[in-house]
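Shown next, in structure tokens, is the structure this report addresses.
As the structure lists them, so they are numbered: ligands from 1, and atoms in each ligand from 1. Please read all numbers here as calculations on a predicted model, not as lab measurements.
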Amino acid sequence: MSSDFDVAEEDELLMHNYTTLPSDCKKYWRKRYDLFSRFDDGVWLTAELWYSVTPEITAQFTARLVKMLLPNAKNILDICCGGGGNTIQFGQEFELVGGIDVRPNNVKCSEHNCSLYGVENAWFVCGDWNELSKSTDWIPSHILPKFDFVFCSPPWGGPKYKAQDVFDLAAMEPFNILGLCESISRFTDHFGLFLPRRLDLTQISEVTKQLYGKTAKTRVVYLYEYNHLIGLLAIFGESFTVDI
Ligand code: MGP
């Protein structure tokens, strides 16, 4: 995730109060209990996680929806686990969840926040998905060959993503939509991406056709928090296009 804050990783504060939050992030302080209902137990978040972590109710909905659609699933992978908002909820619904993040501090936050929520069935890898996806040696052997579901909430470029009228998924960095979907689909038959609310759905449709053939479909779920659309969940894989 590209950082808007010029702070060395080792000097980053993991526990902020209103005064220590960088000015661009202060507006998220009022959302702290929406992000984590147990915020006061001592949640850790780096400055950039304040604007990119998935709010608890959205993460909970996502995990429960996946559980409903894949009731026999056991092993989940959360790529770009950030502050662990989604990892916690997957950990509460499924047997085992793995979290990956390129930033050591994000992994620290995820591990810490999972333990605050009593989630003990989570394992973590610090690494770049573009590299990790070239091998399988980071995956616990009993999970191989595939995860039951992979989730990814990729970087959108920070709060400035809203400057684009229509978010271009093909230009998303460091993971463009096709590359991301291709790499994830080597590890699972079912995966979901949390994406910006203003995007061109035909880009998702095109990727779906390239991955699964001309007639394939992907389900897109609009995720609201207090009647405010915060993003879209695109869920790929045959089990997701049945009627629900
Ligand atoms: P937002 O769109 O920045 O806030 O983030 P809001 O309050 O809807 O903006 P407003 O100014 O229109 O009121 C909404 C949610 O999107 C956040 O809580 C995060 O879950 C998610 N989100 C935001 N950003 C910038 C990112 C990002 O870069 N990556 C990911 N994965 N999620 C993000």
message: Do K26 and Y18 form a cation-pi contact, if we require the NZ or CZ to be under 6.0 Å from the six-membered ring centre and within 45 degrees of the ring's axis?
response: yes
- request: Taking the six-membered ring for Trp and the full ring for Phe, Tyr or His, determine whether the centres of Y161 and W156 are under 6.0 Å apart.
  value: yes
message: Within the 3.5 Å criterion, strictly below it, is a donor on D40 or Y33 matched to an acceptor on the partner's side chain?
response: yes
query: Against heavy atoms of Y28, which atoms of ligand 1 measure under 4.0 Å?
result: 3 (O)
query: Is there a heavy atom in V53 that sits closer than 4.0 Å to ligand 1?
result: yes
query: With a 4.0 Å heavy-atom cut-off (strictly under), which part of P154 contacts ligand 1: side chain, backbone, both or neither?
result: backbone
query: Can R197 be said to touch ligand 1, with heavy atoms closer than 4.0 Å?
result: yes
- line: Near F194 (heavy-atom distance under 4.0 Å), the atoms of ligand 1 are 20 (O), 21 (C)
- request: Would you please say whether a donor-acceptor pair under 3.5 Å links the side chains of Q203 and D168?
  value: yes
statement: So the atoms of ligand 1 within less than 4.0 Å of a heavy atom of Y161 turn out to be 1 (P), 2 (O), 3 (O), 25 (C)
- prompt: Would you call the rings of F149 and F240 parallel, tilted or perpendicular if under 30° counts as parallel and over 60° as perpendicular?
  reply: perpendicular
- prompt: Under 4.0 angstrom from ligand 1, any heavy atom of P55?
  reply: yes
query: If you measure from the Lys or Arg side-chain nitrogens to the Asp or Glu carboxylate oxygens, is any gap between E56 and R38 under 4.0 Å?
result: no
- line: Numbered in order shown, the ligand 1 atoms found under 4.0 Å of a heavy atom of K27 are 11 (O)
